[in-house]
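Report on one structure; see the data block that follows.
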Amino acid sequence: MSSSSPPRIAGAILTVDDVTVRFETPEGPVIAADDVSFTVKDGEFLSIIGPSGCGKSTVFNVIGGLLTHHEGTVRVAGETINGPHQSIGMVFQEESTFPWRTVTANVAFPLELTGMPKQKRIERARYFIKMVGLDGFENRYPGELSGGMRQRVSLARTLASEPKILLMDEPFAALDEQTRLLLGDKVLQIQQQLRQTTLLITHNITEAVQMSDRILVMTYRPGKVKRIVDIDLPRPRTSEIVGSEAFGRYVAQIWNDLREEASRGLRDEEAHVLHHEAASS
Amino acid sequence: MSAGAPARGSPWRAFAPAATGLGTLIGFLLVAELLIRIGVINRFIVPPPSEVIESFGRVIVEEHVPRRFLLTLSECLTAGVMITVFGVAGGVTMHRYKLLQQAIETWVAALAAAPVVLAYPLFMVIFGRSAWTIIMIGFVAALPPVMLKTLEGLAGTRKVLVNVGKSFNLTQNQQFWKILFPAALPTIFVGVRLGLIFALINIVGVEFLINYGGLGQLINDLAERYDLPGTYAAITFVILVSVVFFMALEKVERWLRPVD
Ligand SMILES: Nc1ncnc2c1ncn2[C@@H]1O[C@H](COP(=O)(O)OP(=O)(O)OP(=O)(O)O)[C@@H](O)[C@H]1O
Ligand SMILES: [Mg+2]
């Protein structure tokens with residue numbers, strides 16, 4: 001499945017080709033991503049799922065152009081990238097709002113860079129603030145908002161730059177389950193409204209099945225592509241499909257794939273700890 | 001200063017810390033007064049607090065305290081502007097050129113700990129017995145905290161914020177002005193506040209040492225005249241000024257930092 005050079009898919013807006021990333025650590029080289037290849041079609045919602053430490057964020061950083069010491073290529077609409085690309089918008093795993101800017105000023109940030117006049121900027125920012133459901137909080141500072149609201153500010157800020165491809169690295173990982181489900185609905189709604197091409201990185205199976213057209217499952221160390229699963233669930237979707245039978249089948253199938261990897265990861269970490277304990281005693 | 005929110009409903013709770021503080025101070029003064037009156041402490045070395053308080057009005061009117069205060073204040077502000085400009089610029093330069101940082105960071109930190117006042121004869125030779133000697137000593141003594149805090153603020157900018165900037169394709173300049181600098185601003189202000197306090201201490205100290213200028217010189221004068229209650233009144237005045245100064249800066253700092 002993870003064979004090299006997938007066939008060029010017509011309409012592929014993002015092509016990841018044989019990407020390998022190696023980190024040198026004091027304990028020897030770590031291969032964080034190994035020959036990762038996949039494509040994302042225009043308007044598609046693809047999720048990458050995999051156990052913790054398998055290299056998801058690494059792939060995210062390579063596609064976002066923040067990590068450049070990789071092998072292989074990443075192409076956006078045919079153009080090979082070697083640095084942050086205009087067409088790609090990133091939402092990070094960590095909290096990333098600017099605490100010194102109000103919600104509006106945060107969201108207007110990318111518009112400021114394009115030199116859009118102030119009045120227009122504020123109008124545009126309002127539009128995206130409303131889209132993520134934060135109207136009424138325009139003049140608040142991030143410090144006055146909850147974690148979930150701040151993540152929505154980050155999302156709105158990235159959306160305001162109108163990226164061709166939206167890249168999200170576990171944007172809701174730090175949130176509680178209810179907030180996560182509600183935000184998932186919000187993202188689905190936005191995706192359907194904007195027909196936004198989206199690459200979501202997650203380790204939450206429900207989230208992935210609920211939102212995706214396809215799900216890419218990664219293996220644990222080295223992080224390879226284990227399988228790509230098509231999710232044939234009708235759209236538009238909401239969190240209500242979570243209860244359906246077809247949904248359950250997909251979850252079970254992916255959990256099956258993932259369980260192997262996750263337990264391998266766990267064993268690996270335990271061995272690591274034992275090794276350290278042995279070394280230090 | 002006080003961390004917890006004042007408890008609602010009970011006014012005593014809200015004022016308890018301040019009242020306890022004031023009470024402790026008054027208690028201390030009463031004990032001192034008593035010890036001096038019964039002769040445990042020699043009143044020719046330490047005047048009784050009551051006499052110090054009495055001489056307050058006299059010192060303020062007769063010794064032109066308002067004029068001296070303005071003089072010391074203007075020295076502080078001049079030094080303050082200088083440490084802000086040069087300290088922030090220095091910190092930014094150290095941040096930008098890692099080699100420079102590695103080369104001088106330790107020295108700057110050492111300078112922060114050094115008693116710069118002791119070098120006052122050198123400054124006298126260069127600047128003469130003038131306000132500039134005083135200002136320059138205040139400046140040199142107060143520069144390190146501003147530089148170091150600026151560096152700390154810039155270097156401590158969360159990586160993810162820098163990455164957000166990169167993902168939006170910011171230029172080096174934009175990255176600095178739109179992300180690093182605002183992120184570092186609260187820390188920079190802590191440096192400036194520390195610097196101003198260092199400057200104030202050193203400026204009053206040098207005024208005292210070289211017997212020139214504002215409040216420090218007044219203390220020197222009064223001590224030389226052996227007007228002990230007056231001397232202590234002047235010292236108390238300087239302390240009060242410092243405290244008010246410190247509290248005002250804290251207010252400004254909190255206002256500059258709307259949220260965390
Ligand atoms: N800068 C780095 N230097 C050395 N090793 C790194 C570095 N960044 C990541 N790694 C290693 O690469 C592997 C993959 O890391 P990555 O952050 O991509 O995992 P992840 O799948 O995003 O995990 P999580 O789900 O916990 O976020 C890990 O084993 C990690 O230790
Ligand atoms: Mg990660």
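Scope of the values below: all heavy atoms of this structure, side chains included, with no hydrogens, waters or symmetry mates. These figures come from a predicted structure and were not determined experimentally. Every chain is numbered from 1 and lettered A, B, ... according to where its sequence line falls, protein lines coming before strand lines.
Within 6.0 Å of atom CD in A:Gln119, 12 or fewer heavy atoms from other residues, nucleotides or ligands are found, so the atom counts as exposed in its surroundings. Heavy-atom contacts from other residues, nucleotides or ligands closer than 6.0 Å to CZ of A:Arg101 number more than 12. Other residues, nucleotides and ligands contribute only 12 or fewer heavy atoms inside 6.0 Å of the CD atom of A:Gln86. Remark: A:Gln193 CD is packed, more than 12 non-hydrogen atoms of other residues, nucleotides or ligands lying under 6.0 Å away. Other residues, nucleotides and ligands place no more than 12 heavy atoms under 6.0 Å from the NZ atom of A:Lys164. Heavy atoms from other residues, nucleotides or ligands lying under 6.0 Å from NZ of B:Lys98 number more than 12.
Considering CG of A:Asn61 and CG of B:Asn163, their distance stands at 6.5 Å, rounded to 0.5 Å.
The closest side-chain heavy-atom distance from B:Leu170 to A:Phe109 is below 4.5 Å. Side-chain contact between A:Pro84 and B:Phe168: absent, with no pair of heavy atoms (C-beta onward) separated by less than 4.5 Å. Between A:Arg157 and B:Val164 the shortest side-chain heavy-atom distance falls below 4.5 Å. Taking the side chain as every heavy atom from C-beta outward, B:Lys178 and A:Glu112 approach each other to under 4.5 Å. Contact of the B:Pro182 side chain with the A:Phe98 side chain is not registered, since no non-hydrogen atoms from C-beta on lie closer than 4.5 Å.
Here the closest heavy-atom approach between residue A:His85 and residue B:Asn169 is recorded as C-ND2, 3.9 Å. A pairwise comparison of heavy atoms in B:Leu161 and A:Ser96 identifies CD2-O, 3.5 Å as the closest pair.
Heavy atoms of A:Thr97 lying under 4.5 Å from chain B belong exclusively to its backbone. Contact of B:Leu185 with chain A is not made at all, since no heavy-atom distance falls under 4.5 Å. Using a 4.5 Å cut-off between heavy atoms, A:Ser161 contacts chain B through its side chain alone, with no backbone atom that close. Residue contact with chain B, scored on non-hydrogen atoms closer than 4.5 Å, involves the backbone of A:Ile88 exclusively.
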Pair B:Arg158-A:Glu95, side chain to side chain contact (heavy atoms under 4.5 Å, CB included): steps then yes or no: CA-CA 10 Å; B:Arg158 286 171 51 225; A:Glu95 212 276 292; 4.0 Å; yes
